[in-house]
Amino acid sequence: MKRRTLLGAALAGAVMTPALGAGTARAADPGPSVTRTGTTTLDSQAVFFVSYDGLVNNNSFQKNGLLTYKGYQYAVWYTADKNAVVGRRVLGGTTWSTVQVGHTLKASDSHNVISMGVSKIDGRLHLNMDSHSDGFTYVKSVAGLMDNPSGLSWTASRFGAPQSTLDGLALTSQFTYPQFISTPDGKLQLSYRVAISGNGRNALAEYDGSTWTNLGEWSSSTGTYTSEHGSSTARNMYLHGIDYDVNGRLHSFFTWREQNGAVMCSSGGITNHDTGYVYSDDRGRTWRNNAGTVVGTTGGSDKVAVTDSGLVIDALNPDHSLMNQESQATDSAGRPHAIISYVPGRFGQCTTNYVSDRTANGRAFHVRKNASGTWQKTEIPVVLGSSQRTRLVLDKYDNAYAVFPFGRIAGASAASGYTDWKILFDGSGLNAFGEVVIDEMRIKADNVLSVMYQEKSSGTTPSALHVVDFALPA
């Protein structure tokens with residue numbers, strides 16, 4: 001699998017219109033709407049520092065910084081004195097109970113987020129935190145804590161001691177981007193990157209209720225990528241997410257980041273290029289391209305590589321400041337959707353300053369596979385006004401919502417084929433810094449969009465961390 005073929009060449013640089021019958025909604029289904037129902041405060045003085053244009057408590061690629069399970073909502077953050085905290089509340093409640101889990105943030109690095117996961121097989125809450133191309137800290141709760149939240153007290157004694165391994169399983173000394181995924185059969189998987197930006201690999205570990213197993217790496221950092229400017233022989237695959245759909249298929253959109261800046265038109269840009277897509281029907285053991293061809297085996301010698309054919313669903317060279325780790329979701333039929341963002345070619349063919357060019361001219365796009373199996377792409381007509389990431393969520397009617405930096409929310413209806421994007425909430429009154437964290441699980445639980453955000457501050461002055469709730473169409 002050495003030949004590199006771009007799928008959907010017609011997508012490149014184009015905005016697609018929906019095919020007839022592409023919308024999945026019935027005529028009677030409501031379109032997207034958000035009704036703000038309340039705001040709670042997690043911490044009036046959460047740690048604040050800006051690095052990589054982001055905050056450690058509010059990087060949108062956290063999976064999950066906020067989650068709902070069996071009638072309770074859970075949140076994780078670092079306090080002003082850098083203690084790692086996990087809080088919970090009854091859904092709809094206004095009071096959060098908090099527990100410190102015995103770990104202190106080791107570096108002022110916004111990548112060192114806290115991520116949560118639930119192993120349904122034994123009812124444990126798992127935390128992985130504080131890593132950026134180095135060692136991680138792992139904490140897990142006692143069994144059954146998530147299954148009986150009203151009957152078990154919320155105290156530090158419910159959590160084990162912080163560990164530098166997964167119960168003795170050492171993964172890598174260069175660990176980044178923990179993302180927990182609950183499998184359809186109740187196990188828990190941990191997605192992570194091995195090594196460093198521009199030269200790293202994606203990997204998976206799995207917990208079966210008693211033991212963690214390292215399944216191994218599944219993406220490759222090797223092979224030659226050549227743009228019109230130059231070539232690179234090392235890179236890493238940045239995931240927009242990793243999610244199981246209603247049918248048990250595991251989906252992942254991604255971008256590639258090259259190590260060699262020679263592939264860019266300007267040193268002020270970023271080497272990210274192309275939007276790719278892979279899926280797995282065997283719990284992440286093998287990976288297939290859009291056409292269904294196996295392109296990689298987790299833990300095997302053949303990994304998903306930049307030279308593999310059929311990976312790219314939207315081609316873009318490294319000259320447009322394409323964002324990595326944006327967002328993805330799957331709809332009620334199991335079809336994949338993603339948000340990507342970059343500076344469109346109408347603003348020029350060479351970005352020279354990643355932050356300022358994205359802030360001035362960046363746009364987000366909704367990319368999805370429709371009912372006929374065709375990839376479609378629609379520009380969301382909202383100026384980013386930020387270099388940062390946007391989150392995608394879908395409601396029970398498959399309406400789409402883009403949660404932009406500063407807490408702005410736009411929506412589009414499934415009935416229109418996602419062509420009627422408009423602003424539903426402009427972020428007024430939030431004073432949010434930038435990227436936000438969303439609760440992927442709560443929408444399914446009680447039809448509420450919960451958004452965690454931190455107020456703007458300056459320097460290292462702590463600021464308030466909140467969760468704002470929006471009712472979605474009933």
Side-chain angles (χ1 to χ4, degrees), residues 46-47 49-52 54-65 76-79 81-86 99-119 124-141 156 159-181 188-208 210-221 234-239 242 257 259 284 298-299 303 324-325 437:
V47 69
F49 58 83
V50 180
S51 82
Y52 299 96
L55 303 181
V56 72
N57 285 330
N58 274 100
N59 262 310
S60 72
F61 56 74
Q62 283 175 262
K63 186 180 181 73
N64 297 280
V76 281
W77 69 94
Y78 295 104
T79 63
D81 55 3
K82 300 185 177 181
N83 278 304
V85 167
V86 56
V99 168
Q100 293 189 2
V101 295
H103 178 75
T104 303
L105 178 66
K106 65 190 176 189
S108 295
D109 184 331
S110 66
H111 288 74
N112 291 36
V113 299
I114 309 173
S115 293
M116 291 185 288
V118 179
S119 50
R124 293 183 193 268
L125 180 66
H126 302 251
L127 311 179
N128 191 296
M129 67 192 95
D130 206 1
S131 59
H132 187 192
S133 301
D134 56 5
F136 62 81
T137 295
Y138 168 67
V139 172
K140 70 177 183 181
S141 77
F159 292 86
Q163 308 176 47
S164 59
T165 64
L166 299 179
D167 294 336
L169 176 65
L171 296 176
T172 172
S173 61
Q174 293 182 305
F175 180 100
T176 316
Y177 303 127
Q179 296 193 65
F180 287 109
I181 325 111
L188 183 67
Q189 293 178 323
L190 176 63
S191 168
Y192 62 98
R193 187 187 72 192
V194 178
I196 62 173
S197 174
N199 192 7
R201 289 91 60 198
N202 290 312
L204 285 173
E206 186 173 87
Y207 175 75
D208 65 3
S210 61
T211 304
W212 279 99
T213 302
N214 188 11
L215 301 182
E217 299 172 11
W218 62 270
S219 72
S220 172
S221 61
R235 70 204 45 79
N236 71 275
M237 175 196 284
Y238 273 113
L239 303 184
I242 185 165
R257 175 175 294 178
Q259 186 180 57
T298 301
K303 299 178 177 64
N324 52 284
Q325 299 164 282
V437 171

Sorted by chain and number, sequence neighbours left out, salt bridge (Lys or Arg N to Asp or Glu O under 4.0 Å) with Lys303 holds for none

Set of salt bridge (Lys or Arg N to Asp or Glu O under 4.0 Å) partners for Asp134, sequence neighbours left out: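 Once residues adjacent in sequence are excluded, the partners of Asp134 under the salt bridge (Lys or Arg N to Asp or Glu O under 4.0 Å) criterion are Lys106.
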
Side chain to side chain contact (heavy atoms under 4.5 Å, CB included) partners for [X], two or more places apart:
X	value
Ala107	Asp109, Asn112
Asp81	Thr79, Asn83
Ala234	Asn199, Gln259

Measure the [atom1]-[atom2] distance between [X] and [Y] for me, rounded to the nearest 0.5 Å.
X	Y	atom1	atom2	result
Asn214	Glu206	CG	CD	11.0 Å
Tyr177	Gln325	OH	CD	4.5 Å
Leu239	Asn202	CG	CG	4.0 Å
Asn64	Gln179	CG	CD	8.5 Å
Ser115	Phe61	OG	CZ	8.0 Å
Leu204	Thr213	CG	OG1	12.0 Å

Judged by atom type as modelled, is there a donor-acceptor pair below 3.5 Å linking the side chain of Gln62 to the main-chain atoms of Ile114?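 Yes.
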
Donor-acceptor under 3.5 Å (Arg201 side chain, Ser220 main chain): no

In chain order, what residues pass the ring pair (Phe, Tyr, Trp, His ring centres under 6.0 Å) check against [X], with sequence neighbours excluded?
X	answer
His103	none
Trp77	none
Phe49	none
Tyr192	Phe175

Please give me the minimum heavy-atom distance between [X] and [Y], naming the atom from each residue.
X	Y	answer
Ala195	Thr176	O-OG1, 4.3 Å
Pro162	Thr137	CB-CG2, 3.8 Å
Gly168	Gln163	N-OE1, 4.0 Å
Asn57	Ala46	ND2-CB, 3.7 Å
Val194	Ala203	CG2-CB, 4.1 Å

Report the C-alpha separation of Asp167 and Lys140 in whole Å, then their side-chain angles, then the decisive distance to 0.1 Å, and conclude whether the side chain to side chain contact (heavy atoms under 4.5 Å, CB included) test is met. CA-CA 9 Å; Asp167 294 336; Lys140 70 177 183 181; 2.8 Å; yes

Geometric class of the Trp212/Phe180 ring pair [parallel <30°, tilted 30-60°, perpendicular >60°]: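 Because their plane-to-plane angle lies in the 30° to 60° range, the rings of Phe180 and Trp212 count as tilted.
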
Identify, with sequence neighbours excluded, every residue that meets side-chain hydrogen bond (donor to acceptor under 3.5 Å, both in side chains) alongside [X].
X	result
Thr298	Trp287
Ser110	Ser51
Arg257	Ser197, Tyr238, Asn272, Asn324

Let me see the working for Leu171 and Leu190 under side chain to side chain contact (heavy atoms under 4.5 Å, CB included), right down to the final yes or no. CA-CA 11 Å; Leu171 296 176; Leu190 176 63; 4.3 Å; yes

Determine whether Leu166 and Phe136 satisfy the following criterion, side chain to side chain contact (heavy atoms under 4.5 Å, CB included), listing intermediate values before the conclusion. CA-CA 9 Å; Leu166 299 179; Phe136 62 81; 4.0 Å; yes

Between Arg193 and Ser133, is the side chain to side chain donor-acceptor pair (under 3.5 Å) condition met? List the steps. CA-CA 8 Å; Arg193 187 187 72 192; Ser133 301; 3.3 Å; yes

Let's go through Val50 and Leu55 carefully: what are the C-alpha distance in whole Å and the side-chain angles of both, what is the deciding distance for side chain to side chain contact (heavy atoms under 4.5 Å, CB included) to 0.1 Å, and is it a yes or a no? CA-CA 5 Å; Val50 180; Leu55 303 181; 4.0 Å; yes

State, yes or no, whether a side-chain contact exists between His111 and Asn59 at a heavy-atom distance under 4.5 Å. no

